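Encoded as C-alpha cells, the structure appears first; notes follow it.
Lettering follows sequence order; numbering is per chain, from 1. Values below: every heavy atom of this structure, side chains too, minus hydrogens, waters and symmetry copies. Predicted model only: the values in this text are computed from it and were never measured.
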Amino acid sequence: MPVGIAYDARVMRGTKGDGSFVAVKILVAGGFGAGKTTLVGAVSEIRPLRTEERLSAAGRPVDDTHGVEGKTTTTVAMDFGRIDIREGLAVYLFGTPGQDRFWFVWDELAQGALGAVVLADTRRLEDCFPSVDYFERRGIPFVVAVNCFEGAQLYPADQVRDALDLGAHVPVVLCDARERDSVKEVLVHVVELALTERESVYS
Amino acid sequence: MRGEQDGFGGVDGFEEEPDDAFDDRDADHDADAYADEAELGQLVRPYTLTRGRTRHAVSEVFDLVTQIGAAPRESGGGEEEAQDPEHEAILELVRVRTLSVAELAADLDLPLGVVRILLGDLFEAELIHVTRPVPAAELPHVDILREVIRGLRAL
Ligand SMILES: Nc1nc2c(ncn2[C@@H]2O[C@H](COP(=O)(O)OP(=O)(O)OP(=O)(O)O)[C@@H](O)[C@H]2O)c(=O)[nH]1
Ligand SMILES: [Mg+2]
C-alpha cells in the first residue's frame, strides 16, 4: 500500500455518543520533590513513562537532520496513571518532568489537557512559579494543591494565593498527596473548575 | 525537512502538520538516513528498531492517549512478514485489551518515540486499529465532566 495515502482517513476519531472513547487528561505539575509521583500513585497504578530526547549542548531539543556531534540523548521520565471511570471513559494522569528545560515535553502533555494540578510545597513555594506561569499562559485550568508535609508551616490558602499572585478564580486547596481521598478531592476540584469554565462559555 | 532520523523522543512536531505529513516516512528511507546509521553505533538498538525513520509525523497521530487495538486477524495482511520482537510484543498486549500509546510505552519500557514508530509500522501492515479519543477538553458537553466527577468520588 502506498504510504501516506488516506492515512488520516483510516484513523478513527472517537466521537461522543457512539460508544467510542473519551480521554480526560489531567497534568500534575510542581517543583522538585513536591509530591507529583506520590499523588499519581495514590489514585492509580503508577507507571514510569520514558521519552528519549536529543538535546543540544544548550539543552534544547534538536531539530535538524544533520550530525549528532555535541548532541546528547537524555531520558525524560514522566509519571503516568490511568483511572477508568467506565468503559469508554478514562482519566489519564501525567506527572510532568520537574526540570524547566523539558518544557517541550510539557507541550505534548498539554495537548488536549482538561486541566492541571500544581502541587505546592510551602517550604519552597517559589518552585511552583514556572508551572503556574505555564498553565496561565496556555489557558489550561489549574488548581493549586498545597501539599501538607510534616513540619511544614501551615499556611492559610489565602496566603498561598497572595504569594503565588493567583487570580480569585484559581482554587487553592490543601492536600496530602499520600491519601487517596485527599487526591480524589483535588482531582474533583480540577474537573469542577473545567466544568465551571465550560458552563460559562457555552451558556 | 525537520524530520529527525533517529526515532528518539517523539515529542516534537506538535505544530500543525499537513495531513500528508506521514509521507515523510518515505523521505526518510532515502540514502542520507542510512548514511547516518553507522555514526549512531552506540545507539544502535533503538535506531535499528526504527530504521532511521522520522518521528514527528507519527507523534501527531499517536498521541499519548490514542487507543490501540488489535485488528481482526483476517484483515491483517502482514503477519507472515518478519516482525521485530517489539512489534510482536505490542500485538500481544493489544490483543488482550485496547491500550493507549502511553500505556504501551510504559508496559514495554520503551521510549515513546520508538513505540510510535513501531505503531506506525503495525498500522501500515493493518495489524492494529487506531482510535484518537475525543479529548474531554474539546467537548462542549458538560455531562461527561459530571460523570467524571461522580466516578472520581466513587473510587
Ligand atoms: N508528609 C508528606 N510527605 C509527602 C507528601 N507527598 C509526598 N511526600 C513525600 O515527599 C517525597 C517526595 O515525593 P515525590 O512524590 O517523589 O515527589 P515528586 O514531585 O514526584 O518528586 P520529583 O519527581 O523528584 O520532582 C517522598 O518521600 C514522599 O513520600 C505529603 O503529602 N505529606
Ligand atoms: Mg517524581
N/O donor-acceptor pair under 3.5 Å between A:Lys25 side chain and B:Val65 backbone: no

From A:Leu49 atom CG to B:Leu112 atom CG, the distance as rounded to the nearest 0.5 Å: 4.5 Å

Separation of A:Arg47 CZ from B:Asp109 CG (nearest 0.5 Å): 11.5 Å

Structural part of A:Leu195 lying under 4.5 Å from a heavy atom of chain B: both

Salt bridge (Lys or Arg N to Asp or Glu O under 4.0 Å) between B:Arg116 and A:Glu108, worked out: CA-CA 14 Å; B:Arg116 286 179 163 134; A:Glu108 153 152 40; 2.4 Å; yes

From CD (A:Glu199) to CG (B:Leu145), nearest 0.5 Å: 9.0 Å

Verdict with reasoning, B:Leu64 to A:Tyr92, per side-chain contact (heavy atoms from CB on, under 4.5 Å): CA-CA 9 Å; B:Leu64 283 167; A:Tyr92 291 89; over 6 Å; no

Heavy-atom closest pair, residues A:Pro48 and B:Ala106: O-CB, 3.5 Å

Euclidean distance, A:Ile26 CD1 relative to B:Leu152 CG, rounded to 0.5 Å: 6.5 Å

Under-4.0 Å salt bridge between B:Asp107 and A:Arg50: no

Heavy-atom contact with chain B under 4.5 Å, split by part of A:Leu187: both

Under 4.5 Å from a heavy atom of chain B, the part of A:Glu185 involved: side chain

B:Arg153 side-chain N/O to A:Val188 backbone N/O, donor-acceptor pair under 3.5 Å: no

Residues A:Glu192, B:Arg150: salt bridge by 4.0 Å N-O rule: no

Interchain contact, A:Ala113 with chain B, by part (heavy-atom threshold 4.5 Å): backbone

From CD (B:Glu103) to CD (A:Glu45), nearest 0.5 Å: 9.5 Å

